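Right, one structure below, let's go through it.
Just so you know, these numbers come straight off a predicted model, no measurement behind them. Letters A, B, ... are given to chains in the order of the sequence lines, protein chains preceding strands, and every chain is numbered from 1.
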There are 2 protein chains.
Amino acid sequence: QEVAKLLELKAQLGDGPPQKFTLKCPKGTRDFDSQQMAIRDAVFKKIVECFKRHGAETIDTPVFELKEVLTGKYGEDSKLIYDMADQGGEILSLRYDLTVPFARYLAMNKISNIKRYHIAKVYRRDNPSLARGRFREFFQCDFDIAGQYDPMLPDAECVKIVSEILSSLDLGDYTIKLNHRQLLDGIFQVCGVSEGKFRCICSAVDKLDKSPWVDVRTEMIDEKGLDAEVADRIGEFVRLSGGPELVEKLKRDERVSKNKRFMSGLEDMELLLKYCDLYGVLDKVSFDLSLARGLDYYTGVIYEAILSGAVQKDLSSTDEPGGVGSIAGGGRYDELVGMFDSKNRKVPCVGVSIGIERIYAIIEAKVNASKVKQRTTETEVYVAAAQKNLHEERLALCNILWGANIKTEHSYKRSPKLLAQLQYCEERQIPLAILIGESELKQNIVKVRNVVTREEVEVPREKMVDEIRRLLGEIQDKPSGKVI
Amino acid sequence: QEVAKLLELKAQLGDGPPQKFTLKCPKGTRDFDSQQMAIRDAVFKKIVECFKRHGAETIDTPVFELKEVLTGKYGEDSKLIYDMADQGGEILSLRYDLTVPFARYLAMNKISNIKRYHIAKVYRRDNPSLARGRFREFFQCDFDIAGQYDPMLPDAECVKIVSEILSSLDLGDYTIKLNHRQLLDGIFQVCGVSEGKFRCICSAVDKLDKSPWVDVRTEMIDEKGLDAEVADRIGEFVRLSGGPELVEKLKRDERVSKNKRFMSGLEDMELLLKYCDLYGVLDKVSFDLSLARGLDYYTGVIYEAILSGAVQKDLSSTDEPGGVGSIAGGGRYDELVGMFDSKNRKVPCVGVSIGIERIYAIIEAKVNASKVKQRTTETEVYVAAAQKNLHEERLALCNILWGANIKTEHSYKRSPKLLAQLQYCEERQIPLAILIGESELKQNIVKVRNVVTREEVEVPREKMVDEIRRLLGEIQDKPSGKVI
C-alpha cells in the first residue's frame with residue numbers, strides 16, 4: 001500500500017506516466033461532444049442571424065477582469081464570483097456576466113453609440129442543478145443598444161429581437177412580459193413605501209412569478225417590515241396585467257395619475273406597446289406589473305420571456321431567479337456605464353440576454369427525442385477502395401476533390417474493408433461515395449454511389465467533380481427531417 | 001485628501017457609483033473591437049472551412065481543468081499556468097493549451113477514434129510582447145486525428161491542411177519543415193549521447209532556427225555536458241535538409257543505416273514525402289533535420305510552418321519558441337492519452353496547431369495598410385425618412401424587411417436629419433437605402449437608393465422586397481476590394 005502511495009505521489013509530481021486520478025470536469029462544467037456542438041452551433045447560428053438582421057456588430061472582452069471592475073455590481077451575488085489566485089500581480093476574477101465588461105468597455109473607450117452582440121462563457125460559483133441546465137460555466141448571449149436616443153425606439157427593437165429568436169427556434173408558445181422600473185417605483189411611492197426600501201420590495205415583487213401573492217405579502221410584512229396596509233395597496237397593483245387597455249385604465253387611476261414617476265413610466269409603456277404593435281408582436285407581449293427582475297441596475301423598461309407551451313414543462317425550474325421557464329430577459333440600464341466613468345458621463349443602454357443554456361437544453365431534448373441523428377460533420381464525399389493497397393489512388397482522388405472545395409474523407413488505413421468504408425458513410429450520413437477498384441482504374445473511371453439509395457453511376461475521371469456537384473445539388477434540394 | 005481616500009474606499013465597497021480607478025484590461029489581455037472581430041471571424045471562417053473540408057467535427061472543453069490534469073505535462077513551462085483561488089472546493093487552473101484537455105477528454109470518455117478541431121482561448125502567465133502579437137489570453141486553433149491507423153496517412157493529411165490554410169489566407173510564401181523524433185533519437189544514439197540526455201539535446205537542436213550551429217554546439221558542450229566530438233557528430237546531421245533525395249542519401253549513410261530507430265523514422269519520412277507528393281504539396285515541404293519542436297510529448301513526425309515572404313518580417317519574433325515566423329506546428333504524440341488512462345491504454349494522435357494569433361496580426365496589418373475598411377455589420381438596407389415624425393412608418397417598413405429576412409436598420413431618433421441618415425449608410429457601407437417622405441406615402445411607393453451610385457428608383461410598396469432582393473443580387477455579383 002505504501003508503494004502505491006509513493007507511486008501516486010510520483011505520478012502527481014509528473015515524473016512519469018501514467019497518472020492515476022479520477023478524470024472529470026470541474027464541478028458545474030462539462031465537455032461538449034461533437035453531437036452537442038453541432039446542436040450548439042446550429043442554435044448560435046440562428047441567434048446570430050437575427051442579431052445581424054438587426055445590424056448588430058460583435059465585440060469580445062477577456063474572460064477575466066480586474067476584480068475591482070466587478071466589485072459592487074452584483075449585490076449579494078458577488079460571493080459567486082470566481083477569483084484567480086493572487087500570484088503577485090493583478091487581482092483578477094472571471095467575468096460573472098457580459099453586461100459589466102460591456103459597460104467597462106464603453107467607458108474605457110469612451111464609446112457612446114454601439115449596437116453589439118456578444119456570445120461568450122461566464123462563470124458563477126453557484127451550486128448548479130445540472131439536470132436543469134444550470135452550470136458554473138455557461139454561455140450568455142447578449143444584445144445591447146447603447147446611445148442617447150428617443151424613447152422606446154431601441155427598447156422596442158430588443159422586444160422584437162426576442163420575439164424573432166424565440167419564433168425562429170420553434171420553442172412553442174411564449175409570452176414576453178413587459179414592465180417598467182419607474183412604474184414600480186411610482187407604485188411604491190404612492191403606496192407609502194420609503195425610498196430606501198424600493199429595491200428590496202422590488203425583489204419581493206419579483207417572486208410573484210412563482211409564489212402566490214399571500215406569500216409575497218407575508219414576506220413584505222414580516223421580513224421587509226412593511227405595514228399590512230401598505231403591502232395590500234401594493235398588491236392591488238402588482239397583480240394587474242394586460243395590454244394597451246391596462247395603460248388606459250391606469251391613466252385614469254387617481255391613486256397613481258398624479259405621481260410623476262408612474263406617469264412617466266406609463267408614457268413609455270404606452271409608446272412601447274404601440275411600437276410592439278407596429279412590429280407585429282403585440283400578441284406576444286403582456287404588460288405585467290408583477291415583473292420586477294432581480295438586478296439592481298435597471299432604470300426603465302424591463303422584460304422577460306417565458307415559454308407557455310408544453311415543451312418547457314420538463315425543464316422548468318422553480319428555484320431559478322427569473323421564474324418558471326424564463327428564456328430571455330433584459331431591460332434598460334442608463335446608469336451602469338457612468339459608474340465606470342471618472343466624470344460619471346452616462347451612456348444610456350438597453351439590452352437583452354437570451355437564455356441560451358435553457359434553449360440549448362430544450363432543443364437537445366427535442367433532438368434526442370426525435371431520434372434524427374444530428375450530423376457532426378459536413379463531409380460530402382467518401383473515397384473508398386474495393387481492393388487492397390489502393391491508398392495512393394485514394395489520396396490522389398481526395399486531393400482533386402479538396403482542390404474543388406468538396407468536403408471529402410477517406411480511410412486512414414491502407415487496405416480497409418469495403419464494407420467498413422460503406423458503413424462509415426451510412427453512420428456519418430455522408431451522401432456520396434466514390435468507389436474505385438482495379439477495373440475502374442484501368443478504364444479511368446470512378447463509380448459514384450448515392451449512399452442512401454445505393455444507386456451507382458460510372459463517371460469518367462475528368463467528369464467526377466462535375467457529377468458530384470450535380471448530385472450534391474439534387475440531394476440538397478430535398479427536404480430534410482432536421483430538428484434544428 | 002483623507003476624504004478622497006474614504007470616498008475611494010466607499011466606491012470600492014460598492015456602496016455607490018461612480019467608481020474611480022484606472023480602467024484597463026488585465027495585463028496581456030485585450031478587447032476586440034468590432035473591426036477586429038470582423039477580421040477575426042473572417043480568419044476563423046476560412047480555417048474552419050478547411051477543417052470541415054477534411055471531415056472534422058468539433059468539441060469543447062471547460063476553460064479550466066482540475067489542476068492535477070495539467071500537472072506534469074508542460075515541463076518548466078508549468079510555472080506559467082494560471083491557478084484559480086482555492087475557495088475550499090476543487091483546485092482549478094485555466095487551460096494552458098488545447099492538447100492536454102483533448103487527451104483528458106479522450107481518456108475520460110474512452111474514445112479511440114476522432115478527427116476534431118477546437119478553436120478556443122488558452123492562458124499563460126507569460127511576459128508577453130504585445131506588439132508582436134503575443135498575449136496571456138490567446139486563441140489556439142487545433143486539428144487532431146486520434147486513432148490506430150496505418151503509417152503517415154493521418155500525418156500527411158495534417159501537413160496538407162496546414163498547406164491549404166496558409167495558401168487560402170494568402171500570407172505569402174511558406175515552407176513546412178518536417179522531421180521525426182525517432183530520426184533525432186537515432187542520431188543522438190549513434191553519435192554517443194546517453195539516453196537520459198536526449199530531450200535536453202533535442203531542445204538545444206531546436207534553437208538552430210534562430211542561432212548559428214556554433215552557438216548551439218557551445219550550449220551542447222558547456223551547458224549540456226557533451227563531448228566536443230559528440231556534438232560535432234550531431235552537427236553533421238542536424239544541418240542537413242532537403243527532399244526525397246535526402247532520404248536516399250541517409251539510407252546509404254552507414255553511420256545511421258544500422259540504427260533501428262533512425263531507419264524506422266526514415267521509413268516514415270519516405271512515406272510522408274511520397275504522400276505529400278500525392279497531395280501536391282511536395283514543393284511546400286522541407287525535410288529538415290534541425291527541426292526539433294519544444295514539447296516533450298512528441299513521439300513521431302513533427303512539423304512546423306514558417307513564412308518566407310516579406311510580410312512576416314515586421315512581425316517576426318526571435319524570442320518565440322518555435323522560431324522566426326513560425327505560423328503552425330505540430331506532430332505525432334502517441335503516449336499522451338495513455339498518461340490519463342488507468343490502464344495506460346494508448347490512443348495514437350497526430351495534430352497541428354495553427355498560429356492563429358500571428359496570422360491574425362499579419363492580416364490585421366494588411367487590412368489596416370490597405371485602407372479598405374472592413375465592414376463590421378452585414379446590414380443591407382437602411383430605412384430613412386426625409387421628413388419629421390415618420391418614425392412609425394419606418395418601423396412598419398423595417399418590420400416588413402426583417403420579415404423578408406433582409407438585414408435592415410433605421411435611426412432610433414424620431415426625426416433624424418436626412419443627411420445624418422445617408423451619412424450613416426455611407427460610413428457603414430450599407431448598400432441600399434429606402435427613402436420615404438409625405439409624397440411617397442401618399443403614392444404608396446418608396447424610393448430605393450443605391451448608396452454608392454446614389455441612383456434612386458421609385459417602387460410600389462408591394463414590390464419593395466422583390467426590388468431590394470434584385471438590387472442586392474446585382475451588387476453582390478460585383479468584385480469587392482476585400483482583403484479577407
task: Would you mind checking which part of A/L66 comes under 4.5 Å of any heavy atom in chain B, side chain (CB onward), backbone (N, CA, C, O), both or neither?
output: both
query: Relative to chain B, which segment of A/A107 carries a heavy atom at a distance below 4.5 Å: side chain, backbone, both, or neither?
result: both
query: Would you say A/H54 and B/C398 make side-chain contact, with heavy atoms under 4.5 Å?
result: no
Contact origin within A/D86 toward chain B - heavy atom pairs under 4.5 Å: neither
- prompt: Heavy-atom distance under 4.5 Å to chain B: side chain of A/K24, backbone, both or neither?
  reply: both
message: On a heavy-atom basis, which atom in B/K121 and which in A/D60 lie closest, and how many Å separate them?
response: NZ-OD2, 2.9 Å
task: Could you tell me which portion of B/E49 (side chain, backbone, both or neither) has an atom closer than 4.5 angstrom to a non-hydrogen atom of chain A?
output: neither
task: Heavy atoms only, distances under 4.5 angstrom: which of B/C50, B/G89, B/P154, B/A396 has the most pairs with chain A? Name it, please.
output: B/P154
query: Based on non-hydrogen pairs under 4.5 Å, which of A/R125, A/R116, A/K160 is most in contact with chain B?
result: A/R125
query: At a heavy-atom separation under 4.5 Å, does A/L397 approach chain B through its side chain, its backbone, both, or neither?
result: neither
- line: When B/V350, B/N113, B/I145 are each screened for side chain to side chain contact (heavy atoms under 4.5 Å, CB included) with A/Y412, the one that passes is B/I145
task: Say whether, by atom type as modelled, one donor and one acceptor occur between the side chain of A/E90 and the main chain of B/K27 under 3.5 angstrom.
output: yes
- line: Residue pairs meeting salt bridge (charged side-chain N to carboxylate O under 4.0 Å, His left out), one or both in residues 400-409 of chain A, sequence neighbours left out, come to A/E378-A/K407, A/E409-B/K115
- request: Kindly compute the distance separating CG (A/L94) from CG (B/L94), expressed to the nearest 0.5 Å.
  value: 6.0 Å
field: Leading residue by heavy atom contact count with chain B [cutoff under 4.5 Å; candidates A/Y279, A/Y382, A/F32]
entry: A/Y279
message: List the residues meeting side chain to side chain donor-acceptor pair (under 3.5 Å) with A/D277, not counting sequence neighbours, and say none if there are none.
response: none
statement: Test side-chain hydrogen bond (donor to acceptor under 3.5 Å, both in side chains), reference A/E57, set B/T377, B/T376, B/T379, output is B/T376
task: Output the option from A/I430, A/L401, A/T408 having the highest count of non-hydrogen pairs under 4.5 Å with chain B.
output: A/T408
field: Spacing of CG belonging to A/L395 relative to SG belonging to B/C276, to within rounding of 0.5 Å
entry: 9.5 Å
Note, B/D341 side chain near A/L23 side chain (heavy atom, < 4.5 Å): no
- request: Flag the pair B/D33 / A/I111 as yes when at least one side-chain heavy-atom distance between them is below 4.5 Å, and no otherwise.
  value: no
- request: Please work out whether the ring planes of B/F64 and A/Y82 are parallel, tilted or perpendicular, with thresholds of 30° and 60°.
  value: tilted
- request: Take A/H118 and B/M37 through the side chain to side chain contact (heavy atoms under 4.5 Å, CB included) test and state the conclusion after the steps.
  value: CA-CA 11 Å; A/H118 192 187; B/M37 283 300 282; over 6 Å; no
- line: One should read off an interatomic distance between A/L153 CG and B/H410 NE2, to the nearest 0.5 angstrom, of 6.0 Å
message: Less than 4.5 Å apart, side chain to side chain, heavy atoms only: is that true for A/E157 and B/W402?
response: yes
statement: chain B shares the most heavy-atom pairs under 4.5 Å, among A/T58, A/V281, A/V381, with A/T58
task: Output the distance between atom CD (A/Q148) and atom NZ (B/K413), rounded to the nearest 0.5 Å.
output: 8.0 Å
task: Any chance you could measure B/N405, atom CG, to A/R53, atom CZ, to the nearest 0.5 Å?
output: 5.0 Å
Close side-chain approach of A/R136 and B/P62, heavy atoms under 4.5 Å: no
field: Greatest number of heavy atom pairs closer than 4.5 Å to chain A - which of B/R104, B/E380, B/E65
entry: B/R104
query: B/E392 side chain to A/L278 main-chain N or O, any donor-acceptor pair under 3.5 Å?
result: no
field: Proximity breakdown for A/Q36 and chain B, heavy-atom pairs closer than 4.5 Å
entry: neither
message: With a 4.5 angstrom heavy-atom cut-off, is it the side chain or the backbone of A/I400 that approaches chain B, or both, or neither?
response: neither
field: Side-chain donor/acceptor of B/D150 to backbone N/O of A/R414, under 3.5 Å
entry: yes
- request: Can you tell which part of A/R375 gets under 4.5 Å to a heavy atom of chain B, answering side chain, backbone, both or neither?
  value: neither
message: Report which part of A/Y123 has an atom under 4.5 Å of a heavy atom belonging to chain B: side chain, backbone, both, or neither.
response: side chain
